Amino acid sequence: MERFELAVIGGGPAGLAAALEARQNGIERIILFERERELGGILQQCVHSGFGLHLFKEELTGPEYAERFIESVRQSDIVCKTDTTVLEISGDRTVKAVNAADGFMEIGADALILATGCRERTREAIGIPGDRPAGIFTAGSAQRFMNLEGYRIGKRAVILGSGDVGLIMARRLTLEGSEVAAVVEAMPAPSGLNRNVIQCLDDFGIPLLLSHTVISTIGKERLEGVRIAQVDSRMQPIAGTESLIPCDALLVSVGLIPENELALQAGISTHEDSHGLAVDERMQTDAEGIFACGNAVSIHSLADYVTVQGRLAGRSAASFILDRRGRTELEPMYQDGRHTAK
Amino acid sequence: MMNQRTLSCIVCPKECALEVSMLDKVVTYISGYSCERGRQYAHDEILCPSRIITTTVSIEGGVCKRLPVRSSSPFPKERINEWMREVKELRVKAPVQVGEVLIAGILGTGTDVISSKSVAQDQ
Amino acid sequence: MYDIVIIGAGIVGTAVARELSKYQLRIAVLERNNEIAGGATKANSGIIYNGHTARAEKLKGRLTLRGRQMFEELCRELDVAFKPVDMLIAGFDEEDDAAIEELRRRAETNGIAGIRVLSREEALRREPFLNDGVRSALLNPGCGIVDPWEVCFALAENAAANGVEFRLNTGVTGLAPLQGGIEVETAGGTLQARAVINCAGINTDLINRMAGSESFSILPKRGQYAVLDRSARFQISHIVAHCKSEKEKSVFLIPTLHGNVMIGPSMEGTEDRTSKKTTAGQMQKLMKSAHKISSRIPEHQVIRSFAGLKAKCSAGDFLIRESEVMSGLIHAAGINNPGLTCSPAIAAHIADMVASMFSRMGLALERNPVFNPQRERLVSFKDIPDGERNEWIRRHPGYGRIVCRCEQVTEGEIRESISREPGACSVNGVKHRTRAGMGRCQGGFCGPKVTSLLSEELDRRMEQVLFENNGSELLSDSMP
C-alpha cells in the first residue's frame, strides 16, 4: 500500500486550498483525489462573476477563481488523481479509490482532509407531489447541462427557490434564450443576496413570487406546467390561491446539504440537523488526524470563505503530521541513549 | 433640477445602501459607500448602468466542450442582448489561456471579451 | 405468421414469454412503452409472499402458493437477487389480537411452516423500531424480497436469448379474427399470430374490447410509495405490517435489497389510467398508516416517492381464460397483488392453456432443444471484492469510472445495461437496471453523464435522449 503524508479528498476550492496550504507548511507527500476530469469542483460550472472579492479584491468568475489555485497545484509536487472516485475511507486513514487508468487503489496517509462539498436538495426531499415527467432539474444539474455540456434545458422555466443558485440560473436561462416565467419563493423575503436579485431578476424583469410555492407538477412525458399557491406563515398552501404556470422546465433550488457519505461510513460524527461534519476549532473531526473543510462542514455563501477554511484545515493537518513526524524521528535517538526525552 | 436616488450596491455581498444626489443629469454627491468600487458603481449606475457579462461558447479540440467567457469590465446593460449575439458568433479552438482577448473592443465599446478559463488541447 | 403474440412486457408478459420460449414457437412481445417493466411492475412492493392469506377457492390463492414454490428457483436460473425475509404482522389493540389469530389459522390451513404468534417482548426484540404499544405480532417466515423490475428485465433478456422478439413503442390498436389465428394491428404495422396473450395489465379490458367483448373491466387503483435514504437511522429486518381487516389494508415497511426502507402502498381508486402522480393527501395517509407501526420513521429522509397503477379486475380474482368471442385469444387480466409472486405460476398455467389450445388446432408444442434457462446478471462494481477489482477493470476499463456516486455505479455497467437485449433505452431504463440515479441525489450529479452515455450508445444526439417514453426528451436544444 502506497503511503502519503496527507490525502485530500475533493479538488474544489476547499480541497485545493487545503492541499496548497499543507504543502507550504512543509508537507511533502500529498495526494489529492478529484472525481471529475478537471480540478476546481463546482466552480467550473459557476461561469458567473462574483468570486474573489475578499481574497483577491477583484471580481472573478468561478473558473478564473479556480484556476488561480489549480495553477499553483500544477506547479507543485502534489499528486493529483483526477477522474478518480474515492470509494471508502477508514478511521485508520486508509483510502480506497478507483479510476480507469490505475484501477482500484488503496493508499495510507498520516492525515486526511475531507473536502467533499455538498449536494442539492431535490424535489423529493421537499416532497413536491405530482407527476414525474422529464424537465424537472435541480438548479445545479441544469447549470451543468448548460455551462459544461452546452444544452438548453427548456424553453420556458419556473425556478423554485430564490437562493443564489436559483437567481443565477434565472439570468443564465434568460441570456441563453429561455424564458423564465417566475422565481417562486416560499419565504416572505428572497433568500439569496440582494445583489443577485438586482442583477439576475430585476435587470431582466423576471417576476419574483414571494410567499409562494410549487404545489404540484403536471405532465405525462415532459413537464407541461406547475401549480403554485400562496403559503401562510407556516408554509402551508392557502386554499383559493392556486394558479397554473405553463412551463416545460422546473428548476429546484431549495438548499444544499453537506455531502458526507464517506465520513458517515467511517463512523465520523456529523451534526444531525445540518448533516455537516462536526469539527473542532482546528477543523479536526472526531477521528484523530481526519480534518474537514468547506461545504462538507457547513454551507458557505462565498467560495472565498471556503478557501479560508480550507487553508485552516491544511495548516492544522500539517502541524498534526509534523508533530507525528517529529516524534517518530526522535524515537531511534531515545533508543541509543544519547538524548533524553524532552 | 435636484433629485436623489437610493441604490443597493451590488459590488460585493456587503450590499451598502447608497444615496446619489443629482442636479439635472450631473451627479453632485454620493454617500453610503464603503469602498471606492462602491462609489464608482453608484456613479455608473445612474449614468450608464453596466454589468460584468458572462456566458459560454463552444470550443473545438479542447479537454472540455464549453469555454466560459466574460466581459473584461462592466458593459452597458441596455446592450446585453447585442453582446450575447456577437459573442455567440465566436468560434474558439483550443488551446486558449485565461484572460486571452477573444473580441477586442466589442460593439465599439472599450471592453473586451476575454476567456475566463485556460483550456488545453485534448490529447 | 407468429405462433404467439404477447401484448405487454410487464412481469406477466415477460414471464409468459420466457416460459413459452421453452418450446419451438415463434414469439413476439409487443410493448406500447419505450421501456419494458414500465407499468405496474415498476411500482411494486417487491414482496414475494408465502401465501399465508391465500384462499384455495380462488385462482389467485392457488397461483400464489405455486408461485412462491417456483420463485427462488427462477431467481437462481436468472441470476436475480432474492433475499429471504420474514414478515411481521403487528397488532396494537384487542381487535388486532383476534385478527392475528384469524391470520394464523388461515396460514396454518395453507400449510405455512413456522408461523407463530410472538409476545410483545419478542416482537420488540426482533424489531426494536416497533411502537411501544405493540401487543403481539404474527411471525410469518418464508417471504422474500426482490427488485420487481430486475425480475422482469431478467425474464425478458432470457426470453430474448431464447429467440423471443421484443418490439417496443408498439401499442396494439386492433384485433381481428383470421383463419387459424388473429390479426394484430399496431402502431408499427400488422402482425398475424396463431394465439394472442393479453398481458396488457391496466389495459387488458381495452384489448378485450378490441376483440369485441366487454365481459370484464379493470378498476385502476393507484398505489403510492415512499423510499427512505439508505443512511437514515431507521433499519428493519422484517417486512412489517399492521394487521388490519381485508378491507382496510395496512401499508408495509419493506427492507429493500439495497438497504433502503420502502413504505407503501397507499391505495385509492382512480379513473385516470395514465397518471402516476403522487399526491400530498395520499402521502400523508401513507405516513399516518406507517406511524401506527413505528412513530420513529424519519419522514425528512424520504429520498423518493412514486406511484403506480394496479389492475384490479371486476371479477374479483385473477381472470386467466380464453376469450369467449375470439378464438386464439387468452386473457391474463386483473393480475394485482400478489401478481409478482404468482408470475411464474401464471406463466406455467398459460403455457398449459396454450398447449391445449394448440392441440385443438391439431398442433403439438415441441420442446425447444436449445433452450437455455440461464441468464447472467449485470456485474455490479459495488459487488466485486476489492482483490478482484483490478483484474475486472483491466478487462473492462469502463468499470474504473464511477458515474453514480451515491450508488457507486460505473460507466461499464451503464454501457452494458444499454447494450443488452432488450436493453435500456432511456435514463429511467438505465436507472432501473443499474441503480444509477436511485440514491440520495436522485440523479442530480449523474444525470448529465448518463445522458451522454445513452447518446453515445444509442447513437442519438443529446437532445434526443429520453427520460423514459417517447416525448420525454430531457433537453430542448444545443446552445450556440
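These numbers were taken from a predicted model, which means no experiment stands behind them. What's counted below: heavy atoms across the whole structure, side chains too, no hydrogens, waters or symmetry copies.
Shown here are the side chain to side chain contact (heavy atoms under 4.5 Å, CB included) partners of A/Thr138, two or more places apart in sequence or in another chain: A/Glu120, A/Thr122, A/Ser141.
For a heavy-atom cut-off of 4.5 Å, chain B lies close to no residue in residues 10-17 of chain A. Residues from residues 62-74 of chain A that place a non-hydrogen atom less than 4.5 Å from a non-hydrogen atom of chain B comprise A/Pro63, A/Glu64, A/Glu67, given in numerical order. Heavy-atom neighbours of chain B within the stretch residues 46-55 of chain A, taken at a separation under 4.5 angstrom, comprise A/Val47, A/His48, A/Ser49, A/Leu53.
Between the CG atom of A/Asn147 and the SG atom of B/Cys64 there is a distance of 11.5 Å, given to the nearest 0.5 Å. Considering CD1 of B/Ile52 and CG of A/Leu60, their distance stands at 9.5 Å, rounded to 0.5 Å.
Closest approach of A/Arg195 and B/Ile10 over heavy atoms only: NE-O, 2.7 Å. Residues A/Arg37 and B/Asp122 approach most closely at NH2-OD1, 2.9 Å, considering heavy atoms. Across B/Thr54 and A/Thr61, no two heavy atoms sit closer than the pair CG2-CG2, 3.8 Å.
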**OP:** Evaluate the salt bridge (charged side-chain N to carboxylate O under 4.0 Å, His left out) criterion for residues B/Lys117 and A/Glu38: first the C-alpha distance (whole Å), next the side-chain angles of each, then the deciding distance (0.1 Å), finally the verdict.
**Re:** CA-CA 12 Å; B/Lys117 181 175 176 174; A/Glu38 290 183 285; 2.9 Å; yes

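Using a 4.5 Å cut-off between heavy atoms, B/Leu67 does not touch chain A at all. Interface remark: B/Thr55 contributes backbone and side-chain atoms alike to the contact with chain A (heavy atom separation under 4.5 Å). Heavy atoms of B/Val63 lying under 4.5 Å from chain A belong to its backbone as well as its side chain.
Looking only at side-chain heavy atoms (C-beta outward), A/Met146 and B/Arg66 stay at 4.5 Å or farther from each other.
Between chain B and the residues A/Asn196, A/Asp203, A/Ile198, the largest count of heavy-atom pairs under 4.5 Å involves A/Asp203. Between chain A and the residues B/Arg37, B/Arg51, B/Lys88, the largest count of heavy-atom pairs under 4.5 Å involves B/Arg51.
In summary, the side chains of A/Gln199 and B/Lys77 do not present any donor paired with an acceptor at a separation below 3.5 Å, with no hydrogens or angles considered.
Within a 6.0 Å radius of CD in B/Glu60, other residues, nucleotides and ligands contribute 12 heavy atoms or fewer.
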